[in-house]
Amino acid sequence: MQYSVGVEYALHCLVYLIDTPSKESVGIKDLAEFQGLSETFLSKVFGKLSKAGIVSSVPGVKGGYRLAKSPEEVSFWDVIEAVEGPKPIFQCKNIVQNGILYRDKDCSSCESSNSTCTINLVMLEAEEQMREFLRYKTLAWLDKELNHILPDKQRTDTREYFAKKSTN
């Protein structure tokens, strides 16, 4: 299982938006520059976040993005689903049907077999447990964690960078 790097960039950028005053926004150019990636790539990610109602766009020369919800209301799962889409991680292909017993139409066990794949059920249950865990972790939680693990200077410098950019 692997999520795209877009999820990681989205989570980082959303944390940067937490301290943005409600009347202001942060430009996609500034977010991309800070992260060291292309505006085009980040614009696609933010388009998905906007469509999901996680961020709202502010038009105009001083435009950009700001959180559309409070940090307590945005979970990791919300971000993953916005960026990656809603499809399950495990895609059951029903490969058992390719087995020798299922190719023979006269096989008596074929008729009595359960059409529900146990492997698929286990994988879907595991995914649901992971989703529940990720729904519990919010941007507010992440922001608090970063306050504990990152040096104060790094957090201060980051906030100052975006504060200066939003006033320019």
| query | What residue pairs, at least two apart or across chains, pass salt bridge (charged side-chain N to carboxylate O under 4.0 Å, His left out) with a residue in residues 79-88? | reply | none

| task | Go through the structure and list residues passing side chain to side chain contact (heavy atoms under 4.5 Å, CB included) with Ala52, not counting sequence neighbours. | result | Ile54, Ala82

| query | Any idea which heavy atoms bring Ser43 and Ile28 closest together, and the distance? | reply | OG-CG1, 3.7 Å

| request: Scan for salt bridge (charged side-chain N to carboxylate O under 4.0 Å, His left out) pairs involving residues 140-150, sequence neighbours excluded, and state none if there are none. | output: Asp143-Arg155, Asp143-Arg159

| said: Do Thr158 and Val15 have side chains that approach each other closer than 4.5 Å (heavy atoms only, starting at C-beta)? | reply: no

| remark: residues 63-76 vs side chain to side chain donor-acceptor pair (under 3.5 Å), sequence neighbours excluded, gives Ser70-Glu72, Ser70-Glu73, Ser75-Asp78

| task | To the nearest 0.5 Å, tell me how far Ser56 OG sits from Leu17 CG. | result | 9.5 Å

| Apart from Tyr136 itself, which Ile, Leu, Val, Met, Phe, Trp or Tyr residues share its cluster (side-chain heavy atoms under 4.5 Å, direct or through members)? | none

| Glu128 versus Leu124: any side-chain heavy-atom pair under 4.5 Å? | no

| said: Holding to side-chain hydrogen bond (donor to acceptor under 3.5 Å, both in side chains), I want the full list of residues that pass it with Glu132, two or more places apart in sequence or in another chain. | reply: Arg135

| Is Val122 isolated, or which residues cluster with it under the ILVMFWY side-chain rule of less than 4.5 Å, directly or via members? | none

| request: For residues Ser25 and Gly64, report the shortest heavy-atom separation together with the two atoms involved. | output: OG-N, 3.2 Å

| request: Using a 4.5 Å cut-off on heavy atoms from C-beta on, say whether the side chain of Tyr3 contacts that of Ile80. | output: yes

| note | Sorted by chain and number, sequence neighbours left out, side-chain hydrogen bond (donor to acceptor under 3.5 Å, both in side chains) with Tyr16 holds for Gln35

| request: Name all residues meeting the side chain to side chain contact (heavy atoms under 4.5 Å, CB included) criterion together with Phe90; count only those two or more places apart in sequence or in a different chain, and write none if there are none. | output: Cys92, Ile119, Asn120, Met123, Glu127

| request: Could you tell me whether the side chain of Val55 reaches within less than 4.5 Å of the side chain of Leu14, counting heavy atoms only? | output: yes

| request: Enter the distance from Phe34:CZ to Phe162:CZ here, rounded to the nearest 0.5 Å. | output: 5.0 Å

| field | Qualifying residues under side-chain hydrogen bond (donor to acceptor under 3.5 Å, both in side chains), relative to Lys153, sequence neighbours excluded | value | Asp157

| query | Stepwise, does the side chain to side chain contact (heavy atoms under 4.5 Å, CB included) test hold for Val7 with Phe76? | reply | CA-CA 9 Å; Val7 171; Phe76 276 48; over 6 Å; no

| remark: Apart from Val58 itself, its cluster of hydrophobic side chains linked below 4.5 Å comprises none

| request: Tell me, with the steps shown, if Leu37 and Leu31 meet side chain to side chain contact (heavy atoms under 4.5 Å, CB included). | output: CA-CA 9 Å; Leu37 70 153; Leu31 289 165; over 6 Å; no

| Leu67 and Ile18: CA distance, side-chain angles, deciding distance, side chain to side chain contact (heavy atoms under 4.5 Å, CB included) verdict | CA-CA 7 Å; Leu67 289 177; Ile18 289 175; 3.9 Å; yes

| said: Run the side-chain hydrogen bond (donor to acceptor under 3.5 Å, both in side chains) test against Tyr161 and tell me which residues pass, sequence neighbours left out. | reply: Glu33

